[in-house]
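Worksheet for the structure shown next.
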Amino acid sequence: DVTVLWRYFSWSNQTLAMIALWAAAVYMVRNDKNCWIAALPATFMAGVSVTYILIADEGFGLSKLVSYPLGMFFALTCLAVFCSKIYGKSRTRA
């Protein structure tokens, strides 16, 4: 059915947006720009993308009780890793 294909396409589009936002945030850090303009939306998109693929029938089909916390955990883990890299970068410069 075309609707299933369309759902996979929309999920992959959102995942691509998430990856592009994380890449933009890293680029901004490396060029001493305000990286939060990309990092905060990237964190949100990480949570949305992972939550969707966990909860969707064409994905893993998990329950909402499992999918929402795992999606939030993934998003916050991405943000924590990003922040630790920023802190490590600024610490080595000083």
Side-chain angles (χ1 to χ4, degrees):
D1 189 16
V2 167
T3 59
V4 173
L5 182 63
W6 185 252
R7 284 184 250 156
Y8 278 119
F9 174 75
S10 62
W11 173 77
S12 63
N13 188 35
Q14 295 301 314
T15 303
L16 179 62
M18 172 192 68
I19 293 168
L21 283 167
W22 281 122
V26 170
Y27 173 82
M28 292 172 147
V29 166
R30 290 184 178 174
N31 290 301
D32 294 325
K33 307 275 187 204
N34 182 11
C35 65
W36 297 109
I37 232 167
L40 292 178
T43 303
F44 176 76
M45 290 303 299
V48 168
S49 296
V50 169
T51 300
Y52 176 77
I53 202 63
L54 289 174
I55 208 167
D57 291 334
E58 63 272 3
F60 292 99
L62 299 176
S63 72
K64 291 179 184 178
L65 280 170
V66 175
S67 299
Y68 289 149
L70 283 177
M72 289 193 312
F73 176 76
F74 179 77
L76 293 175
T77 301
C78 288
L79 183 62
V81 168
F82 180 74
C83 289
S84 72
K85 296 296 182 180
I86 290 174
Y87 178 72
K89 178 183 182 249
S90 64
R91 192 172 187 194
T92 57
R93 276 192 175 175

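- The cluster map of Ile, Leu, Val, Met, Phe, Trp and Tyr, joined by side-chain heavy atoms under 4.5 Å apart, puts L40 and M18 in the same cluster.
- Contact of the W36 side chain with the I86 side chain is registered, since non-hydrogen atoms from C-beta on lie closer than 4.5 Å.
- Looking at heavy atoms from C-beta onward, Y68 lies in side-chain contact with I55 at the 4.5 angstrom threshold.
- Taking each heavy atom of A25 and A39 in turn, the nearest pair found is CB-N, 4.0 Å.
- In the displayed structure, N34 atom CG is contacted under 6.0 Å by more than 12 heavy atoms of other residues, nucleotides or ligands.
- The structure places CE of M72 at 13.5 Å from OG1 of T43, a figure rounded to the nearest 0.5 Å.
- Residues passing the side-chain contact (heavy atoms from CB on, under 4.5 Å) test with A80, sequence neighbours excluded: none.
- Using a 4.5 Å cut-off on side-chain heavy atoms (C-beta onward), Y52 and R7 make contact.
- The shortest distance between side-chain heavy atoms of F44 and L21 does not fall below 4.5 Å.
- Under a 3.5 Å cut-off, the side chain of S49 and the backbone N or O of A46 do not form any donor-acceptor pair.
- V48 and L79 end up in the same hydrophobic cluster when Ile, Leu, Val, Met, Phe, Trp and Tyr side chains are linked at under 4.5 Å.
- Under the 4.5 Å side-chain heavy-atom criterion for ILVMFWY residues, no single connected hydrophobic cluster contains both L76 and V50.
- In this structure, W11 has its ring center no closer than 6.0 Å to that of Y8.
- Judged by distance alone, the side chain of N13 and the main-chain N or O of F9 form no donor-acceptor pair under 3.5 Å.
- Between C78 and V81, the closest side-chain pair of non-hydrogen atoms is not below 4.5 Å.
- Criterion: ILVMFWY side-chain heavy atoms under 4.5 Å apart, direct or through other members. Under it, F74 and V66 are part of a common hydrophobic cluster.
- Atom CD1 of I19 and atom CE of M45 lie 10.5 Å apart (nearest 0.5 Å).
- Residues F82 and V26 have side chains in contact (heavy-atom distance under 4.5 Å, counting atoms from C-beta outward).
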